[in-house]
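Below, chain A is the first sequence line, B the second, and so on; all start at residue 1.
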Protein chains: 2
Amino acid sequence: MRLVIAHCAVRYSGRLVAYLPPATRVLMIKADGSVLIHNDGGSYKPLNWMMAPCQLAVSEPDEGARERGVTELWTVQNQKTDDRLEIEVVEVFSDVQQELGHDPGLVKDGVEAHLQELLAEQIALLGNGHTLVRREYPTAIGPVDILARDSAGGSVAVEIKRRGEIDGVEQLTRYLELLNRDPLLRPVRGVFAAQEIKPQARVLAEDRGIRCVVLDYDAMRGVDDADSRLF
Amino acid sequence: MRLVIAHCAVRYSGRLVAYLPPATRVLMIKADGSVLIHNDGGSYKPLNWMMAPCQLAVSEPDEGARERGVTELWTVQNQKTDDRLEIEVVEVFSDVQQELGHDPGLVKDGVEAHLQELLAEQIALLGNGHTLVRREYPTAIGPVDILARDSAGGSVAVEIKRRGEIDGVEQLTRYLELLNRDPLLRPVRGVFAAQEIKPQARVLAEDRGIRCVVLDYDAMRGVDDADSRLF
DNA sequence: TCGTTAATATCGTTG
DNA sequence: CAACGATGTTAACGA
């Protein structure tokens with residue numbers, strides 16, 4: 001890992017062409033050769049970058065560049081594609097290098113898979129008498145999150161999202177169209193279940209006869225065995 | 001901008017709960033208070049982060065943490081939500097601070113907007129005799145990228161993507177449903193135009209009577225006046 | 001501010 | 001390897 005703070009201009013060409021006018025920025029060169037160029041604000045996305053596999057070469061600037069104050073030209077070339085980053089370094093304010101070693105990586109909790117697991121266990125949240133048929137019920141265009149039966153024995157297909165948006169309703173609609181061709185399941189009702197359902201998604205769902213259910217993750221997890229949690 | 005290289009463990013809680021076991025990493029603290037935690041590989045996405053507005057507070061570790069070798073506890077708290085990052089710092093290897101100043105930002109060329117611009121200029125790529133009605137043709141659910149007429153005077157709605165995936169077909173389908181309610185336009189045919197069209201998207205589009213057109217950006221740009229390019 | 005759409009998206013999982 | 005869905009997506013652009 002090498003961290004450089006420098007006044008520089010950057011040109012990228014590859015899937016698109018982009019240019020960063022001269023300014024002071026952070027250049028992060030990782031062990032795998034990848035380069036990130038950060039400014040002093042915004043979110044985690046760099047202004048520009050080159051991902052591995054790639055190689056950094058330092059060369060002398062040509063005369064035109066030297067007249068603009070450029071002292072070094074860094075060229076980062078992707079080894080598989082023709083993506084290329086050219087960094088014109090004007091002045092280096094700081095240059096630090098350090099071995100970081102291997103990183104054990106991130107452990108996560110609280111994603112959609114967990115919601116699905118909890119709803120499968122607590123399927124009565126959809127209504128009294130509901131029973132689980134199976135999770136990830138397969139169809140020709142992909143698995144439905146949950147297939148269940150209501151108290152009257154009718155089929156219920158459930159699409160689960162953390163945030164319910166219009167795409168999720170479209171997805172469930174495609175599943176329902178397919179499932180309703182199966183004489184053993186027909187008629188299949190749809191349930192759109194999410195921690196949060198956007199107004200537009202709710203309107204579309206209800207317009208198509210799909211029921212919306214808002215899930216309370218904390219409450220569902222509270223019902224769940226406390227020992228099974230990661231932290 | 002402050003760059004710290006330190007051995008540390010990190011816990012995040014907010015929209016999810018996540019934990020980073022102890023290892024040596026880069027901590028980037030930006031002028032707006034945001035914090036990024038990077039390791040020595042992967043892509044531009046940090047292992048963990050906190051975005052502005054947030055505040056960093058340094059405190060003494062409790063006894064349990066001190067026994068694990070923690071020398072400082074950094075707490076980064078989001079000021080609007082209850083997102084929180086806790087960094088247990090064990091050892092600091094490097095700590096650099098530098099004023100970066102304002103960044104003029106990135107200038108881009110070659111994104112979807114340019115594809116749309118070029119296709120509007122070269123509308124005959126859809127077939128001889130096609131004429132442009134307008135770009136960004138407004139509908140109740142958002143603007144259609146391009147509305148055109150074919151040689152017979154029939155309406156053609158075009159959705160443009162760099163990469164054509166299933167979502168784009170759904171999007172165009174929604175537009176077509178609406179446009180076909182307009183007696184002045186009806187019947188409206190659909191064209192899905194992209195630099196690259198995924199097989200599933202093509203199958204869905206053609207199943208719905210939508211024509212797929214693959215665009216060659218470089219060729220289209222080559223036809224375009226070379227002077228109009230940014231770089 | 002909210003909502004929608006694009007992105008050099010990135011990232012994990014699956015076939 | 002390709003394709004698909006989720007992401008603490010982020011970022012840009014309008015209404």
Side-chain angles (χ1 to χ4, degrees), chain A residues 10 12-18 34-37 41-52 54 76 78 81-85 105-106 108-116 136 138 141-143 145 159-168 170-171 194-195 198-201, chain B residues 12-18 34 36-37 42-52 54 78 81-85 105-106 108-116 136 138-145 159-168 170-171 174-175 194-204:
Chain A
V10 184
Y12 163 77
S13 67
R15 281 181 253 186
L16 57 72
V17 175
S34 57
V35 177
L36 315 187
I37 298 156
S43 71
Y44 67 65
K45 193 178 179 180
L47 291 166
N48 217 325
W49 68 93
M50 181 69 67
M51 48 190 188
C54 59
V76 189
N78 189 300
T81 69
D82 56 359
D83 285 24
R84 170 197 288 257
L85 208 58
L106 192 67
K108 278 188 188 180
D109 181 28
V111 290
E112 186 193 307
H114 200 191
L115 265 182
Q116 189 193 108
E136 302 288 347
I141 55 170
D145 287 339
E159 177 64 35
I160 299 171
K161 295 285 177 204
R162 286 201 329 97
R163 281 169 39 189
E165 301 186 20
I166 216 158
D167 284 2
E170 298 284 14
Q171 196 179 344
Q195 278 186 278
K198 292 288 171 75
Q200 276 213 342
Chain B
Y12 163 76
S13 68
R15 280 182 247 185
L16 57 74
V17 175
S34 56
L36 315 186
I37 298 156
S43 71
Y44 68 65
K45 193 178 179 181
L47 291 166
N48 219 325
W49 70 92
M50 181 68 71
M51 47 190 188
C54 59
N78 189 299
T81 70
D82 56 0
D83 285 28
R84 171 198 286 259
L85 208 59
L106 191 68
K108 283 185 186 183
D109 179 31
V111 289
E112 187 194 297
H114 295 96
L115 267 181
Q116 188 192 112
E136 304 286 348
T139 78
I141 54 170
V144 179
D145 286 340
E159 175 64 35
I160 299 170
K161 294 284 176 205
R162 286 201 322 103
R163 282 168 42 189
E165 302 186 20
I166 216 160
D167 283 2
E170 298 285 13
Q171 195 180 346
R174 289 197 295 272
Y175 290 139
Q195 280 185 276
E196 176 199 352
I197 297 180
K198 293 290 170 75
Q200 275 212 344
R202 180 180 289 274
V203 168
L204 183 65

- Residue mapping more 5' on DNA chain C - nearest nucleotide basis, Ile166(A) or Leu47(A): Ile166(A)
Pairs under 3.5 angstrom, nitrogen or oxygen only, protein versus nucleotides 13-15 of chain D, please.
none

- Residues forming a side chain to side chain contact (heavy atoms under 4.5 Å, CB included) with Ser13(B), sequence neighbours excluded: Val17(B), Arg84(B)
- Message: Nearest whole Å is fine: how far is dA6(D) P from Glu136(A) CD?
- Response: 10 Å
- Please state how far atom CG in Asp145(A) lies from atom P in dT14(C), giving the value in whole angstrom units. 13 Å
- Message: Please report the distance, rounded to the nearest Å, between NZ in Lys198(B) and P in dA7(C).
- Response: 14 Å
- How long is the line joining CD of Gln195(A) and C1' of dT7(D), in whole Å? 13 Å
- Message: Which nucleotide wins on minimum distance to the side chain of Lys161(B), given the candidates dA3(D), dT7(D), dA6(C)?
- Response: dA6(C)
- Task: Check the pair Ile37(B) / Leu85(B) against side chain to side chain contact (heavy atoms under 4.5 Å, CB included), numbers first and verdict last.
- Result: CA-CA 10 Å; Ile37(B) 298 156; Leu85(B) 208 59; 4.0 Å; yes
- Who are the side chain to side chain donor-acceptor pair (under 3.5 Å) partners of Ser34(B), not counting sequence neighbours? Asp32(B)
- Task: Tell me, please, which residues at least two apart from Arg15(A) pass salt bridge (Lys or Arg N to Asp or Glu O under 4.0 Å).
- Result: none
- Note on the structure: Residues passing the side chain to side chain contact (heavy atoms under 4.5 Å, CB included) test with Gln195(B), sequence neighbours excluded, are Leu115(B), Arg162(B), Tyr217(B)
- Does Tyr44(A) offer a backbone N or O that forms a donor-acceptor pair with the side chain of Tyr44(B) under 3.5 Å? no
- For Glu170(B) and dC4(D), what is the distance between atoms CD and C1' respectively, to the nearest whole Å? 14 Å
- Nearest to the side chain of Gln171(A), which nucleotide is it out of dA3(D), dA7(C), dA6(D)? dA6(D)
- Query: Toward the 5' end of DNA chain D, which comes first, Glu165(A) or Glu159(A), by nearest nucleotide?
  - Reply: Glu159(A)
- Kindly write out the residues that satisfy salt bridge (Lys or Arg N to Asp or Glu O under 4.0 Å) with Glu112(B), not counting sequence neighbours, or none if the list is empty. none
- Task: Name the nucleic acid region contacted by Pro143(B), choosing base, sugar-phosphate or nothing; use a 4.0 angstrom heavy-atom cut-off, strictly under.
- Result: nothing
- Note on the structure: To the nearest angstrom, the CZ-C1' distance between Arg174(B) and dG3(C) comes to 13 Å
- Message: For Asp83(A), give me all partners under side chain to side chain donor-acceptor pair (under 3.5 Å), at least two apart in sequence or on another chain.
- Response: Tyr12(A), Thr81(A)
Could you list all N or O pairs between the protein and nucleotides 10-13 of chain C that sit under 3.5 Å apart?
residue	atom	partner	partner atom	Å
dT10(C)	O3'	Ser43(B)	OG	2.4
dC11(C)	OP1	Ser43(B)	OG	2.3
dC11(C)	OP2	Ser43(B)	OG	2.6

- Message: Applying salt bridge (Lys or Arg N to Asp or Glu O under 4.0 Å), can you list everything that pairs with Glu165(A), at least two apart in sequence or on another chain?
- Response: Arg163(A), Lys198(A)
- Note on the structure: Rounded to whole Å, CG of Leu16(A) lies from P of dA6(C) at a distance of 16 Å
- note: Leu106(B), atom CG; dA6(C), atom P; distance rounded to Å ~ 19 Å
